[in-house]
Amino acid sequence: MAATRQSPDRSGPVFTALADATRRELMATLAARPGATATELAADLPITRQAVLKHLSSLQAAGLVASARDGRSVRYLLTPAPLSEAVAWMATVGSQWDERLAALGSYVRRGG
Amino acid sequence: MSDQVTRERFLPADRDDVWRALTERDGLESWLAEEAEIELEPGGELRFRLGDGQERAGFVEEVSAPERLSFWWRDPARRDEPLTRVELTLTDAEGGTVVRVAETREPATVEAVLLPATRVEHSTGPEMRASAGFALVS
């Protein structure tokens, strides 16, 4: 059988960054708007500018986002070099199954 | 090279009860989908509408009560992506059941076309179903 890539270390910063649906949405927004400020990003998302900054900080720590000062603003850019599409797929699908198995647990415990 | 996600969870419930949750409509609609249709035999069709509005369509590979259910599925709106394989395995454990899921994504090459057909061939499903399974992949 061909080699199989397994889910990477679940405590790693890239995995953690991607396992959150809001952060994935932020990354998608940033992909469409390279060089956006936190204020501009918050305008497109259902979260506050403060929350955007918190998420950007996680993404920067994971090496997925870079920032650059532009006068008094800070602009952000997606830097997907450490991100492979496979890792994103694994994080998304892993989160989906975590939710489903939790729901399954609740269902059988209810006597379903 | 294929990609795989696995998860395991212990459930304080009998394996037969967990198997029912995996294979009956009421069960599936409690934890996996808002709406679930599944023909529970090799080559049988399945169609789910998930909680987030996405859909999944595909076919069943193996039904081995009360131990293993496997199927292939994909979002029908994304025909550029290959089907992924889902395998759910139940194991008896002290005080309950361990459920293990493995979802595998094969590369979108010839293998993705041949592999499901090969698996369906090895099942005991009727030939008509095997053709339906193959057509879904192409």
Side-chain angles (χ1 to χ4, degrees), chain A residues 1-29 31-32 44-47 62 64 80-112, chain B residues 1-34 36 48 50-52 54 56 73-75 81-82 84-88 90 96-112 115:
Chain A
M1 187 169 171
T4 300
R5 281 184 290 223
Q6 299 280 347
S7 299
D9 174 22
R10 295 180 65 185
S11 63
V14 172
F15 190 93
T16 305
L18 292 173
D20 180 281
T22 305
R23 275 199 284 277
R24 290 199 298 273
E25 209 185 328
L26 173 56
M27 288 179 69
T29 307
D44 278 352
L45 293 161
I47 56 177
L64 297 168
L83 168 68
S84 73
E85 189 269 338
V87 171
W89 181 81
M90 287 188 238
T92 301
V93 171
S95 296
Q96 287 172 338
W97 283 110
D98 285 332
E99 282 178 25
R100 288 166 188 158
L101 293 184
L104 174 61
S106 299
Y107 176 70
V108 297
R109 238 176 260 116
R110 284 199 305 270
Chain B
M1 171 174 282
S2 60
D3 299 316
Q4 185 176 82
V5 171
T6 61
R7 291 292 190 273
E8 266 191 19
R9 194 176 186 102
F10 170 80
L11 302 177
D14 283 345
R15 188 160 67 155
D16 287 342
D17 290 338
V18 181
W19 177 259
R20 264 195 293 279
L22 258 49
T23 52
E24 291 179 0
R25 185 178 192 142
D26 281 349
L28 289 166
E29 290 182 353
S30 299
W31 68 275
L32 178 58
E34 294 284 310
F48 300 141
L50 304 182
D52 60 5
Q54 282 190 38
R56 292 285 184 276
W73 69 358
R74 80 164 153 225
D75 184 339
E81 289 181 5
T84 57
R85 180 176 183 271
V86 175
E87 180 182 271
L88 291 150
L90 302 182
T97 306
V98 171
V99 58
R100 182 179 184 273
V101 60
E103 182 159 357
T104 311
R105 180 177 74 162
E106 302 289 343
T109 63
V110 171
E111 286 138 62
L115 199 58

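By convention in this document, chain letters (A, B, ...) are assigned in the order of the sequence lines, proteins followed by strands, and residues within each chain are numbered from 1.
Among A/Arg110, A/Arg109, A/Glu99, the residue making the largest number of heavy-atom pairs under 4.5 Å with chain B is A/Arg109.
Rounded to the nearest 0.5 angstrom, A/Trp97 CH2 and B/Leu88 CG are separated by 5.0 Å. Taking CG of A/Leu101 as the start and CD of B/Glu8 as the end, the distance is 10.0 Å to the nearest 0.5 Å. One finds the CG atom of A/Leu104 at 9.5 Å from the CG atom of B/Leu32 (value rounded to the nearest 0.5 Å).
For chain B, the nearby parts of A/Ala102 are the backbone and the side chain; heavy atoms of each come within less than 4.5 Å. Within the 4.5 angstrom heavy-atom criterion, no atom of B/Thr97 approaches chain A. Of the atoms belonging to B/Leu28, not a single heavy atom falls under 4.5 Å from chain A. Within the 4.5 angstrom heavy-atom criterion, only side-chain atoms of A/Gln96, from C-beta onward, approach chain B. Contacts of A/Arg100 with chain B are made by both backbone and side-chain atoms, with heavy-atom separations under 4.5 Å. Residue A/Thr92: no heavy atom, backbone or side chain, is found under 4.5 Å from chain B.
Counting all heavy atoms, side chain and backbone alike, B/Ser30 lies closest to A/Ala103 at O-CB, 4.3 Å. Considering every non-hydrogen atom in both B/Asp3 and A/Met90, the closest pair reads OD1-CE, 4.0 Å.
Every residue two or more places apart in sequence or in another chain that forms a side-chain contact (heavy atoms from CB on, under 4.5 Å) with B/Arg25 is listed here: B/Glu29, B/Glu37.
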Please list every donor-acceptor pair under 3.5 Å in which a side-chain atom of residues 17-24 of chain A meets a protein atom from a residue at least two apart or in another chain.
residue	atom	partner	partner atom	Å
A/Asp20	OD1	A/Thr22	N	2.9
A/Asp20	OD1	A/Arg23	N	2.8
A/Arg23	NE	A/Ala17	O	2.9
A/Arg23	NH1	A/His55	ND1	3.1
A/Arg23	NH2	A/Thr16	O	3.1
A/Arg24	NH1	A/Leu18	O	2.7

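Using a 4.5 Å heavy-atom cutoff, the side chains of A/Trp89 and B/Glu103 are in contact. Residues B/Trp31 and A/Val108 fail the side-chain proximity criterion, which asks for heavy atoms closer than 4.5 Å.
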